[in-house]
Each structure stands twice: as C-alpha cells, then as structure tokens.
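This report refers to the structure that appears directly beneath it.
Please read these numbers as outputs of a predicted model, since none were measured by experiment.
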Amino acid sequence: MTGLDPDNWDALRALGHQMVDDMFNRLSTLRARPVWQPMPTALREQLRTGLPHEPTPPQELYARFRELVEPYSTGNIHPGFMGWVHGGGTAVGMLAELLAGGLNANCGGRDHAPIEVEREVIRWAAEMCGFPAETTGLLVTGSSMANMIAVITASRAVPDGLALRAQGVGTRPLVGYAAATAHGCISRAFDLTGLGTDSLRVIGIDADNRMILPELEQAIARDRAAGLEPFMVIGTAGTVDTGAIDDLDGLADIAARENIWFHVDGAFGALAMLSDTLRPMLRGLERADSVAFDFHKWAQVQYDAGCILVRRPGAQAAAFAQSRAYLAREDRGLATNAPWYCDLGPDLSRGFRALKVWMTLGTYGADGMGDMIANCCAIARHLARMVEANPRLELLAPVTLNIVCFRIIAPVADLDHFNGEVVKDLHESGIAAPSTTIINGHKAVRAAIVNHRTTTADVDRMLDALLELADRRLVAA
C-alpha cells in the first residue's frame with residue numbers, strides 16, 4: 001500500500017462497479033419498495049461498534065451498508081414521498097457526486113477548473129432569477145445558510161455598516177421584517193448573527209397566507225419613529241406550510257421607497273422561475289437585492305446544494321472577505337484567480353457542489369426542469385380536486401404551487417390527533433409519506449409534490465391508503 005491507496009486496484013474497482021450497479025438497480029425498482037420503513041432496534045445496535053482501531057475490508061463495510069443503511073434511508077427518492085420539501089435526486093446527480101469525490105477539490109478558491117464550474121452555475125442561477133450578469137453568489141449547504149449570508153450581507157450594506165465587522169451588531173439598532181409564514185431559518189439567522197430574534201418584526205398574513213403589506217409599512221414607520229434602523233425586508237417565494245408566495249413586486253416597491261434591502265427566501269419556490277407558466281407568480285423576484293434557494297429541492301440535485309445570489313457587486317465580499325498571509329493572492333501559479341469563494345461566505349473549506357448542479361441542469365435543460373416543476377404543480381391541483389370532491393376530506397389552504405394541505409373528517413373526539421395518527425400509520429405502511437402541519441389551528445395532512453418521479457397515480461394511491469387506514473382506526477375504536 002502506498003499511503004492509503006489499495007494494494008489491489010482491480011479488487012476495489014470491481015467493488016466500485018458493484019456499488020454503481022446496485023444503486024442503479026435500486027433507483028430503477030423504487031416503486032416495488034416501501035417509501036420508508038423503521039429501522040429495527042437490533043440493527044441500530046449493530047451500527048454501534050465503537051471507534052475502529054483495526055482496518056476493515058471495504059467489501060465488508062459495503063455489505064454492512066447494504067444491510068444496515070440502504071433499506072432505512074429517508075425515502076425521498078421514492079415517488080410516494082410527499083413530506084416536507086425534499087428533492088428526489090437523479091442518477092446523473094449520483095454519478096456527479098462520484099466524480100466530484102474523485103477530484104476531492106477544495107472550492108474555497110485558487111485557480112482550478114471546479115471554481116470555473118461554480119462560476120458558471122452562479123451565472124445560470126442569476127439568469128434564472130432575472131439578475132444581472134455581474135451578480136455574485138455561491139453554493140452552500142442549503143437555504144438556512146444562504147439566508148444567513150443574506151442577513152449578514154444586508155446588515156453590512158447599511159451606511160457605515162462595515163464598522164459592524166469590528167464593533168459588532170450591538171452598536172446599531174437594526175430591525176428586519178418577514179411574514180408570519182417565513183421559514184424558521186430566518187429568525188434563526190437573526191439569532192445566530194447576534195441581531196436577536198426580537199429584531200425581526202413578524203408581519204401578519206392574509207387569507208392567502210401572504211404578507212399584509214400595509215402592516216409592513218406601518219411597522220417600518222413605527223420603528224423609524226422609535227429611532228430604530230430598518231435594514232431588511234424578507235419575502236417568501238413558496239412558504240413551507242402551503243407554498244404561498246408573498247407579493248414580491250409590492251415588497252420590492254416598499255423596499256425601494258424605504259431604501260432598505262429586499263431579500264427573497266425562495267428555498268423551493270424560486271425554481272418556479274424556470275417554468276413559463278409559473279414565472280408570473282414570482283413577479284418582483286428579479287428586483288430583489290438577494291435571493292436564497294436550493295437546487296436540491298425542485299431542481300432534483302443531490303443534497304446538499306443551496307445557493308445565495310447578491311445583486312450588488314462587492315456587497316458579499318465587503319461582508320465576508322479577510323486578508324491573511326496564508327491566503328495571499330499571487331500574480332501567477334495556483335494562488336491566482338481572485339475573487340475566491342471564501343471571500344463571499346463564512347466557509348474556507350468548500351466541496352465541489354457545483355459539479356452535480358452543472359451536470360443535472362446540463363443533462364435535463366432549464367426548459368425540461370421548468371416542465372417538470374409545472375407538472376408537479378399540476379399533480380398537486382389534481383390532488384386538491386380529489387380532496388374537494390370527497391366529503392370525507394377538507395381542503396385547509398389554497399393551493400398556490402405544489403403543496404396540498406387537507407384533513408380527514410371523521411366522527412372522533414379529537415380530529416387533530418386522529419389525522420396525525422393516520423399519517424403515522426401511512427408512513428409505517430410504506431405506501432406513501434406525506435407530512436403534517438398546523439393550518440388555522442387544525443392538524444393538516446401536508447402533501448408536497450416535489451419528486452420528479454411522482455405521478456397522479458401516486459397521489460391517488462396515497463389518498464386511497466390514507467382513507468383505508470382511517471377506516472381501520474374507526475373500526476378499531
């Protein structure tokens with residue numbers, strides 16, 4: 001063995017071929033498998049081996065993976081998975097992960113091709129969102145990090161805001177605004193950046209789950225009168241509960257008038273910009289100062305692949321760049337090719353996330369992705385019609401994009417508990433996996449159609465199984 005390379009490359013090559021073949025077999029036979037199944041306690045115990053001090057042949061470790069890990073994964077690759085907002089991934093993306101792992105590139109910076117791939121992906125993302133060519137951005141773990149980067153960038157973009165990097169955010173009474181339906185990562189960003197969750201004003205929503213703009217204007221006026229400093233308003237393109245989209249154009253008008261940063265959390269909804277039929281619903285997103293979204297959701301890229309875009313050149317670098325001797329940029333050699341991605345966010349060590357985005361979008365094309373996204377929304381509308389046509393079911397929220405929230409109506413004392421238990425039964429059946437949420441005080445079955453493999457037959461099967469399981473519970477009671 002030289003270093004950690006194998007003595008027998010042929011044996012490892014054969015194992016690698018077997019791994020790829022096995023995963024292709026799994027992907028091609030998903031419908032014959034359960035969406036999810038609980039991992040038995042005895043198998044969990046088998047994973048608790050303690051730190052391995054002696055070598056284990058990779059063939060043995062792979063056998064353990066096949067037995068202990070593969071059958072008990074989340075299930076979001078399955079067409080029956082409709083919980084939360086998880087992308088389904090693709091076979092091409094899986095192969096891209098293999099290639100990226102082979103290169104093992106650190107994309108914090110320096111002069112190498114993986115950096116150029118990420119720059120091209122950021123250019124694609126900017127074009128998708130209607131942003132200018134000089135837009136900056138980078139790929140991150142997900143929208144939680146992307147939104148945090150936006151909050152930090154916006155706070156440093158206020159007049160004399162760069163002083164906050166040395167003096168801390170406590171020196172300025174900064175306040176931001178988001179709707180009550182905003183994702184929890186927004187308030188968490190205010191928490192973790194030191195602004196504090198009390199500095200995030202939560203604005204009410206209307207019957208369509210969109211931010212009430214007059215309430216926003218009133219909140220800004222109150223804060224200015226109190227001597228506070230409004231610096232950021234955050235709109236949502238695709239709320240996590242119902243998929244609602246704030247009036248982004250109206251928010252852009254208010255932000256421009258008030259001279260504050262306009263950010264859009266488009267974690268999954270921003271990808272609807274790829275669809276000609278859905279794009280008008282996001283009018284105003286192209287006016288944002290920054291946008292956060294995930295390629296690993298509706299773009300079906302393997303986890304993880306979040307993205308942050310910032311319209312104003314230099315704003316990200318002003319918020320994050322550092323000068324260190326060991327990171328000096330040179331005029332030639334490997335240490336050229338500035339700006340480096342470590343100047344645009346908190347991470348110095350960064351994986352080659354861009355390759356799987358580049359290969360996935362390149363393989364299927366932006367138009368093909370847009371058609372797939374529109375089809376997900378069409379399937380959601382089909383499900384909503386099925387719910388509305390069944391007197392045993394109640395639709396609990398308008399269907400804007402791809403999320404359908406409903407509940408089972410049954411003669412039970414605690415309807416919320418009943419719906420929650422039936423969803424658990426459905427999970428354990430292996431047939432389908434929606435999630436739950438609370439809509440207007442009611443426990444809702446929440447079906448998010450995100451997986452490109454999901455069809456109308458899959459949602460019909462989910463609904464039939466849900467009602468059958470509900471009947472079993474009623475009989476047992």
Side-chain angles (χ1 to χ4, degrees), residues 84-85 107-108 136-158 160-203 211 219 223 228-241 246 255 260-268 270 288-297 303-310 312 315-322 324 341-351 353:
W84 304 277
V85 184
C107 291
T136 63
L138 75 165
L139 299 178
V140 293
T141 52
S143 284
S144 292
M145 178 57 73
N147 281 308
M148 183 179 295
I149 289 172
V151 170
I152 294 171
T153 304
S155 69
R156 272 53 170 177
V158 299
D160 300 320
L162 295 185
L164 297 176
R165 295 190 63 176
Q167 298 170 4
V169 294
T171 61
R172 299 282 286 272
L174 299 175
V175 289
Y177 308 85
T181 49
H183 194 277
C185 71
I186 301 297
S187 61
R188 194 177 188 196
F190 273 67
D191 172 7
L192 297 180
T193 56
L195 291 162
T197 55
D198 287 349
S199 295
L200 178 65
R201 304 294 192 251
V202 177
I203 308 301
M211 189 191 302
D223 285 334
L228 302 178
E229 190 174 357
F231 81 103
M232 184 180 202
V233 59
I234 301 161
T236 301
T239 59
V240 66
D241 278 329
D246 285 330
I260 59 179
W261 190 280
F262 175 38
H263 173 66
V264 174
D265 173 16
F268 79 91
D289 293 294
S290 55
V291 175
F293 67 92
D294 292 319
F295 282 111
H296 59 229
K297 290 189 170 77
Y303 279 86
D304 50 33
C307 184
I308 176 68
L309 298 177
V310 176
R312 189 184 310 169
Q316 265 184 285
F320 289 100
Q322 284 186 319
R324 292 288 187 269
Y341 276 114
C342 62
D343 291 335
L344 305 181
D347 294 325
L348 177 57
S349 298
R350 304 176 64 252
R353 294 187 181 97

How close do [X] and [Y] get, counting heavy atoms only, and between which atoms?
X	Y	value
I308	A146	CD1-O, 3.5 Å
F231	V158	CB-CG1, 3.6 Å
G306	D294	CA-OD1, 3.3 Å
F293	A270	CB-CB, 3.8 Å
V169	L195	CG2-N, 3.9 Å
V85	K297	O-CE, 3.4 Å

Keeping [X] on the side-chain end and [Y] on the backbone end, is there a donor-acceptor pair under 3.5 Å?
X	Y	result
D289	F262	yes
H263	S290	yes
R350	L139	yes
D246	T236	yes
Q316	G137	yes

Legend entry - Any pair counted as side-chain hydrogen bond (donor to acceptor under 3.5 Å, both in side chains), so long as it reaches residues 183-196, sequence neighbours left out: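 Checked against side-chain hydrogen bond (donor to acceptor under 3.5 Å, both in side chains) - neighbours excluded - no pair reaches residues 183-196.
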Any chance you could measure [X], atom [atom1], to [Y], atom [atom2], to the nearest 0.5 Å?
X	Y	atom1	atom2	value
L348	R324	CG	CZ	11.0 Å
F190	C185	CZ	SG	11.0 Å
N147	I152	CG	CD1	11.0 Å
I149	L138	CD1	CG	5.0 Å
M148	I186	CE	CD1	10.0 Å

Partners of [X] by side chain to side chain contact (heavy atoms under 4.5 Å, CB included), sequence neighbours excluded?
X	result
D241	T437, I439
A315	T153, W261, V310, R312
T141	M145, D304, R353
A163	Q167

Legend entry - Min side-chain heavy-atom separation C307-V291 under 4.5 Å: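 Not in contact.
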Inset, instruction - Mind telling me whether Y303 and H296 have parallel, tilted or perpendicular rings, with 30° and 60° as the class edges? - result: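 Ring orientation of H296 relative to Y303: parallel.
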Which pairs of donor and acceptor atoms, one on a side chain in residues 173-181, lie under 3.5 Å apart (sequence neighbours left out)?
residue	atom	partner	partner atom	Å
Y177	OH	D223	OD2	2.7

